[in-house]
Amino acid sequence: MDMHICKNYEDLSTKACAHVVGQIAGKENSVLGLATGGTPEGMYKNLAEQHEKGELSFQHVTTFNLDEYIGLPTYHPLSYRAYMKAHLFSKVDLSAVNTHLPDGQAADLTAECARYEALLRDAGGVDLQVLGLGHNGHIGFNEPGTPFSSTTHIVELDEKTREANARYFEKKSDVPRKAITMGIETILAAREILVLISGADKAEALREMLYREITNEFPATALQQHPNVTILADEQAAKELPGQ
Ligand code: GLP
């Protein structure tokens with residue numbers, strides 16, 4: 001894994017943006033895997049600014065998000081579709097038909113998981129997958145205990161994850177209990193993975209991701225098996241690493 005320690009969140013966001021820009025510059029019809037959460041917001045802001053300045057086009061890019069809540073209408077402001085619209089889709093020239101998220105409102109959710117996997121496969125797979133890291137080691141919404149052989153599936157959200165995401169909702173009981181997420185096998189199939197980790201509250205999780213034995217009790221340890229992972233961590237997140 002290729003580890004870069006960034007001065008602070010701004011620096012991390014600038015470098016993450018540059019990484020995505022580099023990907024698109026090398027392949028204009030790139031397939032990007034995208035993440036939600038607080039961590040990538042700065043990267044999206046920078047990408048939108050570069051587009052605004054006329055320096056970046058997503059015209060030929062296709063995107064696949066990692067996950068979506070089950071049960072929130074797509075027009076709900078806290079759906080991941082709404083998040084992506086607010087932070088990126090409405091600000092760049094991505095074509096609507098090229099932006100994909102699992103449909104958490106589908107009548108047949110099992111069929112939806114299969115549809116999403118097939119769509120990903122038909123698009124040729126993900127070139128660059130952006131990932132955040134949950135405090136309990138989750139990637140996407142793959143909670144501890146998820147088999148590494150998992151493909152897109154329905155998950156029951158961990159209480160810790162619901163607590164972490166409660167900050168966006170009025171009250172914790174409003175946080176959905178289920179979601180659809182790309183599986184760990186789906187994530188590891190990406191040709192390259194870019195992991196963004198910011199803040200002192202993620203320091204322990206980052207250390208575990210890098211140094212704990214590979215175990216599905218800490219899903220992010222699966223990344224140790226991938227041949228092309230870049231990690232951008234800010235100094236706060238890196239403070240528990242040996243030598244820091
Ligand atoms: C969420 C998302 C993940 C995200 C993670 C960390 O629950 N499903 O995709 O990476 O938790 O979020 P944050 O960046 O807000 O800490």
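When a ligand or atom number is given, it counts from 1 through the structure's own listing order. Side-chain atoms are counted along with the backbone in the values below, which use heavy atoms only and exclude waters and symmetry mates.
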Please confirm whether the ring centroid of Tyr116 lies under 6.0 Å from the ring centroid of Phe64.
yes
Is it true that a side-chain atom of Ser79 and a backbone atom of Tyr75 form a donor plus acceptor pair closer than 3.5 Å?
no
Main-chain N/O of Tyr9 paired to Ser13 side chain as donor or acceptor, under 3.5 Å
yes
Counting only N and O atoms by type, is there a donor-acceptor contact under 3.5 Å from the side chain of Ser90 to the main-chain atoms of Lys85?
yes
Identify all pairs of nitrogen or oxygen atoms, one from ligand 1 and one from the protein, separated by less than 3.5 Å, and list them with distances.
from	atom 1	to	atom 2	distance (Å)
ligand 1	7 (O)	His138	NE2	3.4
ligand 1	7 (O)	Asn165	ND2	3.1
ligand 1	8 (N)	Asp67	OD2	2.9
ligand 1	8 (N)	Gly140	O	3.4
ligand 1	11 (O)	His138	NE2	3.0
ligand 1	14 (O)	Gly38	N	3.3
ligand 1	14 (O)	Thr39	N	3.0
ligand 1	14 (O)	Thr39	OG1	2.4
ligand 1	15 (O)	Gly38	N	2.7
ligand 1	15 (O)	Arg167	NH2	2.9
ligand 1	16 (O)	Lys202	NZ	2.6

Passing option when Arg81 is tested against Thr36, Thr99, Asn65 for side chain to side chain donor-acceptor pair (under 3.5 Å):
Thr99
Keeping the roles fixed (side chain from Glu68, backbone from Tyr80), state whether a donor-acceptor pair exists under 3.5 Å.
yes
